[in-house]
A.B. asks: 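Just passing along the structure, written as structure tokens.
Model, not experiment: these values are computed from the prediction. Residue numbering restarts at 1 for every chain, and letters A, B, ... go by the order of the sequence lines.
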Number of protein chains: 2
Amino acid sequence: MTGALLANTALFRGASPQEAEAMLNCLGAVERSYCKGERICRSGDYMTDLGMVLSGSVLIQTDDLWGNTTVLDKAGPGQIFAETYACVPGEPLMVDVVAAEAARVLFLKVERVLHVCSHTCAHHSKLIRNLLLLSAQKNLNLSRKIFHTSAKTIRGRLLSYLSYQARRSGGPSFSIPFNRQQLADYLNVERSALSNELSKMQRDGLIRLEKNQFTLIQDVSGLSSRV
Amino acid sequence: MTGALLANTALFRGASPQEAEAMLNCLGAVERSYCKGERICRSGDYMTDLGMVLSGSVLIQTDDLWGNTTVLDKAGPGQIFAETYACVPGEPLMVDVVAAEAARVLFLKVERVLHVCSHTCAHHSKLIRNLLLLSAQKNLNLSRKIFHTSAKTIRGRLLSYLSYQARRSGGPSFSIPFNRQQLADYLNVERSALSNELSKMQRDGLIRLEKNQFTLIQDVSGLSSRV
DNA sequence: TCCGAAGTGTTGTTATAACAACATACTTGT
DNA sequence: ACAAGTATGTTGTTATAACAACACTTCGGA
């Protein structure tokens, strides 16, 4: 029954529902259920398994030195978490994982994922490639975030981010997947300061915006080519 | 002759020099030489190969919207670069790679790395695991940098970074692998402001420092446990 | 239709970091 | 031992973002 769900995940992509389900044995799969708010992994834990959300959702969060909790990420059905830590033995978890709502989680032993057991597991090697792909993609996302937050000013960060979105959309007009608060969090700035700067940029004729729809004006001749 | 070098790299770890060299055929290896300053990869390129530095060194750098060049990383003999992009088809390079000095670079087709060719390649599957490990490690490094630069104040960033270093060293005294400028770059702040804040923190009795040797005072009772 | 909640924009004040400029170490080669 | 260069710390000024407080808009129920 979980096979159908698994076959649709990025991790098991390429396997049929039957094949996916059949692999679970090799992978030391264990399923657990959690109540809303329950802690699934705790900062400092050493992970030997990666987690895959089967139902509900989990939050990846961290408490800073002063006890403020920040949500870093959210994983829903079919998405995996803690896989990075599980892949690097001896590296303690730097975050907490808690259930955002009632959730079922499947834990897979990374050791078993990485070492092809026998020829009965047809898609095992595809599984490893999928995991590498996920890791590389996460890598790029992290790099991009660092890239977009490296500018000192809010305007600089916005231009970096918006230029990227424009390039990715293939034109000067595009919409972004964040609301203002989320964009502020992503760029690591204050929401109200962000709103303020967006207004100024519109007044300065750099952009036009309507809700989440942006247009980059003045394709800053000569600048846009490289960045 | 390159076998001995290869066998010592993180990517080929586990293979003997002979085995490593023998694998090069399967991997579509091509060696290229570059003069100092020569551009090896250009922002926007689509990578099908990962690069491994055989000799010399290369810089991973980026030009921002205003043309300022920032060095993001440096790769020396045995280290690889652009592997993340090569692992995610269709994702254009966001950085430039240039030779920091005269350099020889080995390019390996990621497609060939990921797909085990035949049983003659004994360590091919180990190679994939090595690549995944490298990717996961890079991931953690990026996450840590984001983590340490998420605080709004310089002091907050320093406390985050220094607490981590203390935890990792297993005690309140430790030395760091950065000079002031490098630390400032890492934390994304101004060098002189960093120096200033370090002095203040010492005056405030939070830390003691002597060159790159730090001691965290007042193991901030109650706070340290989680972070 | 009205209410409340969430999202967004605006403004003024305050805290903070960037910046510039310089003084003081500390290296390193000759 | 000296000079030149690099690294680091110090200070005052200025630019900028955080913060707080509020007005305005959507939007989705009740």
A.B. asks: From C/dG9, D/dA18, C/dC19, pick the nucleotide closest to the side chain of B/Ser192?
C.D. replies: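 Nearest listed nucleotide: C/dC19.
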A.B. asks: Identify which nucleotide among D/dA18, C/dT10, C/dT8 has an atom closest to any side-chain atom of A/Asn179, counting heavy atoms from C-beta outward.
C.D. replies: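 Closest nucleotide to the A/Asn179 side chain: C/dT8.
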A.B. asks: Quick check for you: among C/dT10, D/dC19, D/dA17, whose closest atom lies nearest to any side-chain atom of A/Arg203?
C.D. replies: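 Comparing C/dT10, D/dC19, D/dA17 against the side chain of A/Arg203, the answer is C/dT10.
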A.B. asks: Of all the choices, C/dA18, D/dA21, D/dG9, which nucleotide is nearest to the side chain of B/Glu190 once you look at every atom?
C.D. replies: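 Closest nucleotide among those given: C/dA18.
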A.B. asks: Closest to the B/Glu197 side chain: C/dG9, D/dA17, C/dA17?
C.D. replies: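 Among the listed nucleotides, the one closest to the side chain of B/Glu197 is C/dA17.
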A.B. asks: Rounding to an integer number of Å, can you tell me how far B/Gln181 CD sits from D/dG5 P?
C.D. replies: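 Rounded to the whole Å, the gap is 19 Å.
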A.B. asks: Nearest to the side chain of A/Lys152 - C/dA18, C/dG9, D/dA17?
C.D. replies: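 Looking only at side-chain atoms, A/Lys152 lies closest to C/dA18.
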A.B. asks: How many angstroms lie between CG in B/Leu194 and CG in B/Asn188, if you round to the nearest 0.5 Å?
C.D. replies: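 It comes to 11.5 Å.
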A.B. asks: Within this structure, what is the CG-to-C1' distance between B/Asn212 and C/dC26, rounded to whole angstrom?
C.D. replies: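 So the two atoms are 13 Å apart, to the nearest Å.
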A.B. asks: Judged by each residue's nearest nucleotide on DNA chain D, which is more toward the 5′ side, A/Gly156 or B/Ser199?
C.D. replies: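 The 5'-side residue here is B/Ser199.
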A.B. asks: Quick one: B/Leu194 CG to D/dT8 P, roughly how many Å, whole number?
C.D. replies: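 My rounded result for the distance is 10 Å.
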A.B. asks: Can you tell me how far P of C/dG7 sits from CD of A/Gln182, to the nearest Å?
C.D. replies: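 Computing the A/Gln182:CD to C/dG7:P distance gives 8 Å.
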A.B. asks: Which value, rounded to the nearest 0.5 Å, describes the distance between A/Ile146 atom CD1 and B/Thr149 atom OG1?
C.D. replies: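 Taking CD1 in A/Ile146 and OG1 in B/Thr149, the distance rounds to 6.5 Å.
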A.B. asks: Could you tell me the separation between the CG atom of A/Leu158 and the C1' atom of D/dA17, rounded to a whole number of Å?
C.D. replies: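 One finds 13 Å between C1' of D/dA17 and CG of A/Leu158, rounded.
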A.B. asks: Looking only at side-chain N and O atoms, does B/Arg191 come under 4.0 Å of OP1 or OP2 in D/dT8?
C.D. replies: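 Checking D/dT8 against B/Arg191, no side-chain N or O comes under 4.0 Å of OP1 or OP2.
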A.B. asks: How long is the line joining CZ of B/Arg155 and P of C/dA15, in whole Å?
C.D. replies: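 From B/Arg155 CZ to C/dA15 P: 15 Å.
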A.B. asks: When you compare the side chains of A/Asp63 and A/Thr69, does any donor N or O come within less than 3.5 Å of an acceptor on the partner?
C.D. replies: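 Yes.
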A.B. asks: Measure CD1/A/Ile154 against P/C/dA17 and give the value in whole Å, please.
C.D. replies: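 Distance, rounded to whole Å: 15 Å.
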A.B. asks: With the side chain of A/Lys211 defined as its heavy atoms from C-beta on, choose the nearest nucleotide among D/dA18, D/dC27, C/dG9.
C.D. replies: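 Selected nucleotide: D/dC27.
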A.B. asks: Can you tell me the distance, in whole Å, between the CZ atom of B/Arg180 and the P atom of D/dT10?
C.D. replies: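 The answer, rounded to whole Å, is 11 Å.
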A.B. asks: Name the residue from B/Lys211, B/Gln213, B/Gln165 that meets the side-chain contact (heavy atoms from CB on, under 4.5 Å) definition with B/Ser175.
C.D. replies: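 Answer to the side-chain contact (heavy atoms from CB on, under 4.5 Å) test with B/Ser175 among B/Lys211, B/Gln213, B/Gln165: B/Gln213.
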A.B. asks: Measure the shortest side-chain to side-chain distance between B/Phe178 and B/Tyr161 over non-hydrogen atoms and say whether it is less than 4.5 angstrom.
C.D. replies: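 Answer yes - side chains close enough.
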